[in-house]
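Note that the structure is predicted; figures quoted are calculated from it, not measured. All residue numbers in this chain count up from 1 along the given sequence.
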Amino acid sequence: MAQQEVQNGGSAKADVEVTFTAVKPQLLIEAPKANDAVQFYKAAFGAVEAGRITQPKRKAEQELPHIISAQLQLAGTTIIVSDLVDDSAPVKTVGTGISLCLETEDIETAISKAVSAGAVAEGEIVEGDGAYYGGGRVGKVKDPYGLVWVISSPAKKSITDAEV
């Protein structure tokens with residue numbers, strides 16, 4: 001029975017604690033555009049490339065090696081950018097199901113910079129009830145690779161009963 005429980009999502013080591021040290025979102029970009037995406041994220045959002053792993057040419061017709069992973073530092077977070085190739089992941093949809101939120105006090109300039117680098121602004125900047133990321137001001141851009149970036153002002157602190 002214990003073996004079956006482990007196979008069904010249980011754990012033989014349920015009392016062992018696991019500590020995670022980071023969450024690193026991986027952006028899968030249609031091959032061979034990951035290098036272009038890295039350049040876009042640097043220009044649009046000020047990302048800094050911290051490392052890169054490439055795979056040598058897989059086929060003679062390929063001019064450049066594809067990126068297995070490029071690590072970008074952005075707003076204190078590591079983001080992994082990779083080429084999505086036929087055998088790299090079971091999911092073949094690119095740019096769906098995720099949005100990434102960046103916080104800044106200067107939303108207009110951030111959106112303008114992203115648009116200048118190749119993104120498309122989506123809708124107007126909203127605030128109040130329509131600003132679902134922290135209750136401040138929120139705008140959106142879609143990058144050239146289909147990913148939506150939410151650009152918001154920092155969350156406003158609410159006054160709690162303990163602070164009164």
Side-chain contact test, heavy atoms from C-beta onward, threshold under 4.5 Å: evaluate it for [X] versus [Y] and give yes or no.
| X | Y | result |
| --- | --- | --- |
| Leu27 | Leu100 | yes |
| Ile29 | Leu147 | yes |
| Tyr41 | Ile79 | no |
| Cys101 | Val138 | no |

How many angstroms lie between atom [atom1] of [X] and atom [atom2] of [Y], to the nearest 0.5 angstrom?
| X | Y | atom1 | atom2 | value |
| --- | --- | --- | --- | --- |
| Glu105 | Arg137 | CD | CZ | 10.0 Å |
| Asp143 | Asp36 | CG | CG | 11.5 Å |
| Glu108 | Ile151 | CD | CD1 | 10.5 Å |

(request) Taking atom types as modelled, find out whether Ser69 and Gln26 have a side-chain donor-acceptor pair closer than 3.5 angstrom. (result) no
For the student: nearest non-hydrogen atoms of [X] and [Y], plus distance:
| X | Y | answer |
| --- | --- | --- |
| Ile107 | Ser152 | CD1-C, 3.9 Å |
| Pro25 | Thr77 | CD-CG2, 4.3 Å |
| Ile80 | Lys24 | CG1-CB, 4.1 Å |
| Lys140 | Ile111 | N-CD1, 4.3 Å |
| Ala110 | Thr104 | CB-CG2, 4.0 Å |

(request) Just jot down the side chain to side chain donor-acceptor pair (under 3.5 Å) partners of Glu49, sequence neighbours excluded, or say none. (result) Lys42, Arg52
(message) Which label fits Phe45 and Trp149: parallel for a plane angle under 30°, tilted from 30 to 60°, or perpendicular past 60°?
(response) tilted
(message) Quick one, Glu103 with Ser153, criterion side-chain hydrogen bond (donor to acceptor under 3.5 Å, both in side chains). Give me CA distance, side-chain angles, the key distance, then yes/no.
(response) CA-CA 5 Å; Glu103 285 187 356; Ser153 59; over 6 Å; no
Please list every donor-acceptor pair under 3.5 Å in which a side-chain atom of residues 113-126 meets a protein atom from a residue at least two apart or in another chain.
unit_1: Ser116; atom_1: OG; unit_2: Ser112; atom_2: O; d: 3.0

